[in-house]
Amino acid sequence: IIRKPVGEAVDEMIATKKRSGVSELYLSDLRYRLGAFKAVFHCDVNALAPGDLAKFFDGLQLSPRSYNNFLGTLGTFFGFAQKRDWLSREADLLARVEKRKGGKATPVEIFTPAQLADLLKHGSSDLRPCLALAAFAGLRSEEILRLEWADIDRRPGFIELAAHKTKTATRRLLPITDNLAVWLGSTQRNVSRVWPHSKAWFFQSMRDTVT
């Protein structure tokens, strides 16, 4: 087994995935989850034990879905480490960690016009167009994260979502309402994507604005 600090192993995996051509959204997710992991463990990968991982996951305050996504990311990381002989092939560091079952669906909250106006007023300049797209065009969060300004400008009066950018994997053409056009028209476009930051930052910004 080759000694490899957790932090270096994480950085090498992310660099390898980036060279392989994965999406920036996937890279952002890796940086978020594996960054949280390496911030806790300052040891060699082969020094980790199942109890360490069980304690780490017990401390995560996440929804079942996010928890399971985190579990999957670390499973991928440990597989990467095993292929490079940083971790024994027989090691099962996640043996004491179980997937969580999703709870009952939370009712969808409907904002009043006054509440929506307040959100748009207090949201950051980068978040405001995202809030407007969700409110006036019905875009899902994952669709907004994949959206580029070119998708809005390609067909005047419409938002054109290619199949690979939608949850249903089918092309969608959405009308731009007058109120949505106002918010989109007032946004500075310095980058190609509508949301120019990481996925983790997007959801954190949403939580900070809504709560």
Side-chain angles (χ1 to χ4, degrees), residues 17-18 20-33 62-73 76 101-211:
K17 293 294 185 182
K18 184 175 183 178
S20 71
V22 300
S23 71
E24 186 57 39
L25 286 178
Y26 179 65
L27 287 174
S28 295
D29 189 72
L30 284 181
R31 294 187 187 105
Y32 164 62
R33 299 184 195 281
L62 298 172
S63 68
R65 181 178 179 180
S66 294
Y67 181 97
N68 293 336
N69 287 342
F70 215 122
L71 183 59
T73 298
T76 300
K101 295 181 180 180
K104 295 181 180 180
T106 303
V108 177
E109 184 175 359
I110 305 298
F111 293 110
T112 66
Q115 289 173 325
L116 179 58
D118 197 46
L119 289 176
L120 290 167
K121 177 181 178 181
H122 292 97
S124 69
S125 59
D126 288 337
L127 189 62
R128 278 195 291 269
C130 301
L131 290 168
L133 286 162
F136 303 129
L139 265 68
R140 304 175 177 91
S141 295
E142 294 294 338
E143 292 172 338
I144 294 172
L145 288 168
R146 300 186 185 105
L147 193 68
E148 298 181 4
W149 287 110
D151 300 324
I152 295 172
D153 298 333
R154 189 177 300 114
R155 295 279 298 270
F158 292 89
I159 300 167
E160 185 176 9
L161 287 175
H164 69 280
K165 295 185 178 182
T166 69
K167 181 178 181 180
T168 57
T170 55
R171 176 177 172 273
R172 296 174 66 197
L173 195 63
L174 306 169
I176 297 176
T177 60
D178 291 342
N179 45 9
L180 176 56
V182 170
W183 287 104
L184 296 179
S186 63
T187 302
Q188 292 186 352
R189 305 181 182 187
N190 300 319
V191 291
S192 61
R193 286 190 181 275
V194 173
W195 175 253
H197 310 295
S198 71
K199 180 177 181 177
W201 192 351
F202 174 81
F203 287 110
Q204 184 63 53
S205 297
M206 282 287 193
R207 285 192 292 267
D208 290 345
T209 303
V210 172
T211 55

Interatomic spacing from CG in L30 to OG in S198 - rounded to 0.5 Å: 12.0 Å
Exercise: identify the closest heavy-atom pair between A132 and W183: CB-CB, 3.8 Å
Distance in Å, F136 CZ paired with T177 OG1, rounded so as to fall on 0.5 Å steps: 6.5 Å
Heavy-atom pair with the smallest gap, counting every atom of I176 and F158: CD1-O, 3.6 Å
Stepwise salt bridge (Lys or Arg N to Asp or Glu O under 4.0 Å) test for R172 and E160: CA-CA 6 Å; R172 296 174 66 197; E160 185 176 9; over 6 Å; no
Lys/Arg N to Asp/Glu carboxylate O, R189 vs D153, below 4.0 Å: yes
Heavy-atom closest pair, residues R193 and L145: NH1-O, 3.1 Å
Verdict with supporting geometry, L119 and Q115, side chain to side chain contact (heavy atoms under 4.5 Å, CB included): CA-CA 6 Å; L119 289 176; Q115 289 173 325; 5.7 Å; no
Main-chain N/O of P64 paired with N68 side-chain donor or acceptor, under 3.5 Å: yes
W201 CH2: over 12 foreign heavy atoms closer than 6.0 Å: no
Atom of L180, atom of L133 and distance for their closest heavy-atom approach: CD1-N, 3.9 Å
Salt bridge flag under 4.0 Å for residues R146 and E143: no
Considering all heavy atoms, the nearest R128-G123 contact: NH1-O, 2.7 Å
Euclidean distance, L62 CG relative to N69 CG, rounded to 0.5 Å: 9.5 Å
Verdict with reasoning, L173 to R155, per side chain to side chain contact (heavy atoms under 4.5 Å, CB included): CA-CA 9 Å; L173 195 63; R155 295 279 298 270; 3.7 Å; yes
Heavy atoms from other residues, nucleotides or ligands near OH of Y32 exceed 12 (cutoff 6.0 Å): no
Pair S124, D126: side-chain N/O donor-acceptor within cut-off below 3.5 Å: no
Reported CE-to-SG distance for the pair M206 and C130, which is rounded to 0.5 angstrom: 6.0 Å
Pairwise distance CZ(R65) to CZ(F70) - rounded to 0.5 angstrom: 16.0 Å
Shortest non-hydrogen separation from S125 to T187 and the atoms involved: O-CG2, 4.5 Å
S66-S63 side chain donor-acceptor pair, cut-off 3.5 Å: yes
